[in-house]
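Since the structure comes first, as C-alpha cells, the remarks are kept for the end.
Counting convention: from 1, in listed order, for ligands and their atoms alike.
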Amino acid sequence: MPLTYKIAALAGDGIGPEVMAEAIELLQRCAELDDFRVELTESLVGGAAIDAKGKALPEETLSNCEVSDAVLFGSVGGPQWEKLPPNEQPERAALLPLRKHFSLFANLRPALCLPELSAASPLRPDLVQGGFEILCIRELTGGLYFGQPKGTRKEHGDTIAVDTMVYRKSEVERIANLAFQIARLRKRKLVSVDKANVLENSLLWRAVLKEIAQEYPEVELTHLLVDNAAMQFIRAPKTFDVVVTENLFGDILSDELAMLTGSIGMLPSASLGTGQHGYYRFGLYEPSGGSAPDIAGQGVANPIAQILSVAMMLRYSFHLNDSAARIESAVRKTIANGLRTRDIWSEGTDLVSTKEIGLEIRANLED
Ligand code: NAD
C-alpha cells in the first residue's frame with residue numbers, strides 16, 4: 001500500500017495560480033513514478049480570499065492546513081489590495097498568521113545559481129563560473145523582531161525607540177540541530193554567522209553552536225562575523241554550502257544571496273515547524289519571490305521556484321530524498337537543454353511559456 005501525503009495547496013494571487021498548476025501536475029507525475037499518493041486540498045488565500053470570503057486567511061483554509069502534513073503556498077498580494085489597512089493586507093493577514101500558527105521557526109532559502117544561468121549573476125564571471133548553491137537557514141521566531149520591551153516613548157524632550165534582541169538557549173539549540181542535520185545530508189560544511197565581537201546574543205549563539213557540534217563530528221563547523229560573511233559571499237560564493245544565522249542577519253543575508261543568483265523566479269523556500277505528524281515534519285513551502293502582478297495572467301511566469309518548493313517539501317517534510325532529487329535533476333536538465341522563460345532568457349536559448357517549461361520538466365522526470 002503506497003504511503004499517502006496530505007498537502008494543502010494555497011495558490012494565492014497574481015502568478016500564484018499559474019505556477020501552482022504546474023507544480024501540482026509535476027507532483028502528481030512524480031507520485032506515479034515513485035509510487036506514493038498525494039491527497040491534495042486547494043484553498044483560497046490572500047487577495048483572492050479577501051474578495052471571495054472577506055478575509056485573507058479564512059477559517060476553512062486554516063483548517064485545511066491543520067489537517068495536512070505540509071502546505072504548498074503560491075504567493076499573495078497585488079495593487080488591488082494595497083489600499084486596505086496594513087493589518088488586513090494579504091501578506092500581513094495571511095502569511096504571518098500562518099507562520100505563527102504553525103510555529104514555523106526555521107526558514108530555508110537556497111540561493112541556486114545553475115551553471116547555464118551564471119551570466120544572470122551580477123558577480124564577475126570567474127567568481128560564479130560552474131554555478132553555486134548556498135542554503136541559508138534563518139531562525140524565524142526569535143531575536144530582535146519579537147523581543148520585549150519594544151516601543152517608542154518620549155523622554156526628557158527627546159524620542160526613544162527600543163527594540164530588544166532576545167534568544168533563549170533552547171531556541172538556538174533547536175535551529176542548530178536542524179542546521180547540522182541538513183548540513184550532514186549535503187557537503188558536511190556548516191558556517192554559523194553571528195556578531196560575537198559585540199553582541200551578548202551572539203556569544204550565546206556561538207557557544208551553543210560549538211556545544212551542539214559535538215553531536216555531529218562529521219560536520220565541519222566554522223564561524224563568521226556577519227559583516228565578514230556579507231563580504232565573503234560576494235568574494236567567494238562557491239566556497240559555501242550551508243549557512244545558519246539568527247533572524248535579523250538571516251533576513252538581510254538571504255536577500256543578498258538571492259541577488260547573487262540573479263534569478264528570483266528560480267528560488268524556492270521552506271519554513272519548517274516544530275509540529276510533527278508521525279515521521280513527517282510540518283512545513284510551508286513557497287517561492288522566494290512575490291505574486292509578480294506585472295506579468296500575472298500572461299502565461300510567462302517562471303514556475304521553477306514553485307516546482308523546486310515541491311522538491312523541498314518532499315525532502316524536508318516527507319524524507320523522500322530520491323523523489324526530491326528526481327525533480328531537481330529534471331529542472332537542471334530542462335535548463336541545460338536550453339529552455340527558458342522570459343525572466344531567464346538569453347540570446348541563443350529557447351523562449352517558452354509557463355506551461356511549456358512545466359511540460360518539459362515533467363517529461364524530464366522520467367530520466
Ligand atoms: P515580486 O517578487 O512579485 O516581483 C519582483 C520582480 O520579479 C517582478 O518584475 C516580477 O515580474 C519578477 N518575478 C517574480 N517572480 C517571478 C517568476 N516566478 N517568474 C518571472 N518573474 C518573476 O515582488 P514585488 O513586485 O515587490 O511584489 C509584488 C507583490 O507580491 C506585492 O503585493 C507584494 O506584497 C507581494 N509579495 C508576496 C510575497 C509572498 O507571498 N510571500 C513575497 C514578496 C512579495
Does the side chain of [X] pick up a donor-acceptor pair with the side chain of [Y] at under 3.5 Å?
{"X": "Gln232", "Y": "Asn228", "result": "yes"}
{"X": "Asn364", "Y": "Thr334", "result": "yes"}
{"X": "Tyr216", "Y": "Asn177", "result": "yes"}
{"X": "Ser63", "Y": "Glu60", "result": "no"}
{"X": "Ser202", "Y": "Lys195", "result": "no"}
{"X": "Asp13", "Y": "Trp81", "result": "no"}
{"X": "Ser317", "Y": "Tyr285", "result": "yes"}
{"X": "Tyr145", "Y": "Asp251", "result": "yes"}

Between [X] and [Y], is any pair of side-chain heavy atoms under 4.5 Å apart?
{"X": "Asp194", "Y": "Val226", "value": "no"}
{"X": "Cys65", "Y": "Phe102", "value": "yes"}
{"X": "Leu108", "Y": "Leu135", "value": "yes"}

Under 4.0 Å from [atom], can you find at least one protein heavy atom?
{"atom": "atom 24 (P) of ligand 1", "result": "no"}
{"atom": "atom 27 (O) of ligand 1", "result": "no"}
{"atom": "atom 5 (C) of ligand 1", "result": "no"}
{"atom": "atom 17 (C) of ligand 1", "result": "yes"}

Enumerated ligand 1 atoms positioned under 4.0 Å from heavy atoms of [X]:
{"X": "Gly289", "result": "2 (O), 42 (C)"}
{"X": "Ile264", "result": "7 (O), 13 (N), 14 (C)"}
{"X": "Gly77", "result": "32 (O)"}
{"X": "Ile295", "result": "11 (O), 20 (C), 21 (N)"}
{"X": "Glu286", "result": "41 (N)"}
{"X": "Gly265", "result": "17 (C), 18 (N)"}
{"X": "Ser75", "result": "40 (O)"}

Positive for side chain to side chain contact (heavy atoms under 4.5 Å, CB included) with Trp205, one of Leu209, Val208, Leu203:
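Considering Leu209, Val208, Leu203, a side chain to side chain contact (heavy atoms under 4.5 Å, CB included) with Trp205 is found only for Leu209.
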Option from Leu365, Leu112, Leu26, Ile307 for which side chain to side chain contact (heavy atoms under 4.5 Å, CB included) with Val331 holds
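Testing each of Leu365, Leu112, Leu26, Ile307 against Val331, the sole residue satisfying side chain to side chain contact (heavy atoms under 4.5 Å, CB included) is Ile307.
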For [atom], which candidate among [options] holds the nearest heavy atom?
{"atom": "atom 36 (N) of ligand 1", "options": "Glu91, Gln298, Glu18, Glu82", "value": "Glu91"}
{"atom": "atom 29 (C) of ligand 1", "options": "Gly290, Gly78, Ser291", "value": "Ser291"}
{"atom": "atom 39 (C) of ligand 1", "options": "Asp13, Leu10, Leu284, Leu95", "value": "Leu95"}

Answer yes or no: does an N/O atom from [X] fall short of 3.5 Å to an N/O atom of ligand 1?
{"X": "Gly74", "answer": "no"}
{"X": "Asp294", "answer": "yes"}
{"X": "Asn302", "answer": "yes"}

Carboxylate-amine/guanidinium proximity below 4.0 Å for Asp255 and Arg109
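Looking at Arg109 together with Asp255, the answer is yes, because their closest N to O distance falls below 4.0 Å.
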How does [X] reach ligand 1, by side chain, by backbone, by both or by neither, if only non-hydrogen atoms under 4.0 Å count?
{"X": "Pro287", "result": "neither"}
{"X": "Val19", "result": "neither"}
{"X": "Val300", "result": "neither"}
{"X": "Val76", "result": "both"}
{"X": "Arg342", "result": "neither"}

Could you tell me the residue and atom name of the protein heavy atom closest to atom 3 (O) of ligand 1, and the distance to it rounded to 0.1 Å?
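Result for atom 3 (O) of ligand 1: Ala292 N, 2.8 Å.
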4.0 Å heavy-atom contact, Ala305 with ligand 1
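For ligand 1, residue contact (heavy atoms, under 4.0 Å) with Ala305 is absent.
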